[in-house]
Amino acid sequence: MTERVAGALQALVRIPTVSDRDPSRVDTDAFDRLLVELATWFPLLHERCEVTRVGTHGLLVHWAGASADRPVVLMAHLDVVPVDTDAPWQHEPFGGEIHDSPVGPAIWGRGTLDDKGCVAAICEAVESLLEAGHVPAQDVWLSFGCDEEVSGTAAIEAVAVLRDRGVTPWLVLDEGGAIAGGAFPGVKAPLGVIGVTEKGTTSLELVAEGRGGHASTPARNGPTARIARAILRVEKSPFPASAPAPTLELMRRLAPHVPLPLRPLLGRAEQLAPVVTRALLAAGPEAAAMTRTTVATTTLSGSPALNVIASTAKAGLNIRVMVGDTVAGVVEHIRKAVADDSIRIDVIESGEPSPISPMDAPFELLEECIGEVFPEAVATPYVMMAATDSRHFTAISEHVYRFAPFRMTKAQRQAIHSYDEHIGVADLLDGARWYTLLIERLPR
């Protein structure tokens with residue numbers, strides 16, 4: 001198993017399947033090669049399962065089980081984000097090379113953690129079980145999107161296929177949480193964080209317009225000045241904070257693992273929600289993001305030349321909408337914060353937060369498998385900050401979870417969408433073992 005799953009991931013990483021919002025800029029040959037590579041490394045999966053092409057290069061795989069009553073969907077995505085060529089990568093980002101790391105021998109490269117590691121581990125689990133003649137207790141579906149990183153349509157099309165076939169998943173599992181080391185101050189044990197919901201992703205653009213002109217005769221309150229003022233006003237007007245139910249449950253489960261003075265507080269997190277919220281706000285940006293809708297100014301544009309006053313200035317806002325908030329409420333909050341009728345607010349992308357999935361039998365199965373493969377970890381729910389393809393599957397299932405079964409240090413988590421992304425070979429193997437166990441434990 002080690003040789004195949006590691007070799008497969010190396011091969012996948014070496015193919016730069018970078019997605020782009022502009023289809024004309026996508027290297028479709030790379031995606032074609034990736035699908036061929038998958039079939040080469042995992043032949044039984046492609047021979048004995050029903051494989052349907054979804055979107056341009058997405059895959060929907062059906063492995064028939066002994067029953068179709070409680071089907072399961074295991075998800076991952078084939079595309080990756082671009083590589084910053086100026087970033088100080090230690091090893092070739094599309095090399096898929098094995099080198100030493102703080103977590104032992106590791107495969108380095110873009111997509112090892114996000115999300116080709118999950119693709120390889122899921123396929124390895126299915127291939128090895130097929131080799132052993134295993135028949136899953138329930139139908140197993142694999143949904144591999146090809147445009148997740150650009151909020152594309154492959155996952156939406158996969159949901160449409162499943163709906164047309166009358167499939168109502170008992171469990172949907174996508175990327176998201178992990179066996180996260182150093183995730184919470186003062187907690188030595190790693191956390192097996194399972195996303196039971198995810199924030200909505202919404203993008204707004206603030207637009208200020210004016211006459212523009214020659215830079216030698218500037219007028220007060222031009223477009224760039226108004227945009228700068230608007231950005232500062234938004235930053236000084238944070239959204240109200242409150243800890244949602246999954247965050248309070250996370251705190252409660254952490255209680256036995258924090259220093260003694262904090263245990264009474266976290267042990268009664270639900271009764272002391274306002275105090276817990278204030279503590280999270282004070283613990284830094286990562287913890288604070290667990291309590292509120294966040295706004296980040298990400299793009300700026302103005303004049304095309306240094307000696308020209310901009311006639312139009314723009315600022316892009318990336319907003320992660322907390323459970324309980326709405327896009328309409330977010331837009332109104334920004335409008336009030338900007339307090340300038342001359343600035344237009346355009347909604348570029350609109351995404352509501354996902355429903356909270358219950359912590360019943362499907363969640364308990366994930367916990368059970370975490371406990372067996374990663375006994376050192378504290379399994380817990382959490383609110384996922386980023387967006388995944390799984391948000392579309394909430395239309396056909398109330399049990400949608402987000403968890404990648406890999407140990408990840410804080411440095412590894414920071415490398416996602418950044419430089420020096422890598423996964424330990426042993427951790428990749430344990431991830432494949434975890435998926436295998438999950439399939440074996442599906443209820444009859």
Side-chain angles (χ1 to χ4, degrees), residues 176-177 180 182-202 232-297 317-339 351-360 363 367 377-387 401-402 410 413:
F184 199 84
V187 177
K188 294 181 180 179
L191 306 185
V193 283
I194 305 168
V196 294
T197 181
E198 63 184 56
K199 288 184 169 184
T201 300
T202 294
L232 290 175
R233 286 177 174 176
V234 169
E235 187 164 303
K236 292 177 181 178
S237 303
F239 282 80
S242 63
T247 300
L248 294 174
E249 176 62 15
L250 185 155
M251 296 296 106
R252 189 189 67 78
R253 293 187 179 211
L254 286 185
H257 304 276
V258 298
L260 277 172
L262 289 176
R263 291 181 187 177
L265 169 62
L266 297 192
R268 299 174 57 213
E270 293 180 358
Q271 293 85 4
L272 300 172
V275 179
V276 171
T277 300
R278 289 196 295 273
L280 289 170
L281 287 171
E286 250 189 336
M290 297 169 64
T291 68
R292 59 160 53 120
T293 293
T294 59
V295 185
T297 303
L317 306 181
N318 186 265
I319 301 172
R320 302 303 168 119
V321 186
M322 176 57 86
V323 177
D325 290 345
T326 64
V327 173
V330 162
V331 174
E332 185 58 29
H333 178 99
I334 297 297
R335 195 182 307 281
K336 289 181 178 178
V338 169
E352 304 286 356
S354 297
I356 298 176
S357 294
M359 293 173 54
D360 52 9
F363 182 91
E367 283 187 294
V378 180
T380 178
Y382 87 118
V383 176
M384 186 170 174
M385 315 296 183
Y401 305 97
R402 302 145 186 93
K410 188 172 183 178
R413 299 195 299 276

Can you tell if the side chain of R268 reaches within under 4.5 Å of the side chain of P264, non-hydrogen atoms only?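 A side-chain contact under 4.5 Å is absent here.
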V323 side chain reached by I356 side chain, heavy atoms, under 4.5 Å: yes
Begin from the C-alpha positions of F363 and S357 and carry the test side-chain contact (heavy atoms from CB on, under 4.5 Å) through to its verdict. CA-CA 9 Å; F363 182 91; S357 294; over 6 Å; no
Any donor and acceptor pair, going by atom type alone, linking the side chain of [X] with main-chain N or O of [Y] inside 3.5 Å?
X: T202; Y: G351; result: yes
X: R233; Y: V338; result: yes
X: R320; Y: K199; result: no
X: H333; Y: P240; result: no
X: R253; Y: A379; result: yes
X: E270; Y: L248; result: no
X: S354; Y: T197; result: no

Please find the pair of heavy atoms, one from [X] and one from [Y], that lie closest to each other, and give the distance.
X: M322; Y: P244; value: SD-CG, 4.0 Å
X: P353; Y: G324; value: CG-N, 4.5 Å
X: A183; Y: L191; value: CB-CD1, 4.0 Å
X: P381; Y: E249; value: CG-CG, 3.6 Å
X: M290; Y: L250; value: CE-CD1, 4.2 Å
X: P259; Y: G186; value: CD-O, 3.8 Å

[X] side, atom [atom1]; [Y] side, atom [atom2] - distance, nearest 0.5 Å:
X: L272; Y: R252; atom1: CG; atom2: CZ; value: 14.0 Å
X: L254; Y: F184; atom1: CG; atom2: CZ; value: 5.5 Å
X: L262; Y: H257; atom1: CG; atom2: NE2; value: 13.5 Å
X: T201; Y: M385; atom1: OG1; atom2: CE; value: 12.0 Å

With respect to T291, which candidate in V276, V383, L281, T247 satisfies the side chain to side chain contact (heavy atoms under 4.5 Å, CB included) definition?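 Option passing the side chain to side chain contact (heavy atoms under 4.5 Å, CB included) with T291: L281.
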Just do the side-chain contact (heavy atoms from CB on, under 4.5 Å) check on T294 and N318 with the steps written out, would you? CA-CA 8 Å; T294 59; N318 186 265; over 6 Å; no
Walk me through it: do V196 and Y401 pass the test side-chain contact (heavy atoms from CB on, under 4.5 Å)? CA-CA 5 Å; V196 294; Y401 305 97; 4.0 Å; yes
Does atom CD of E235 have more than 12 heavy-atom neighbours, drawn from other residues, nucleotides or ligands, at distances under 6.0 Å?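 Incorrect, the count does not exceed 12.
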Determine whether I334 and V295 satisfy the following criterion, side-chain contact (heavy atoms from CB on, under 4.5 Å), listing intermediate values before the conclusion. CA-CA 9 Å; I334 297 297; V295 185; 4.2 Å; yes
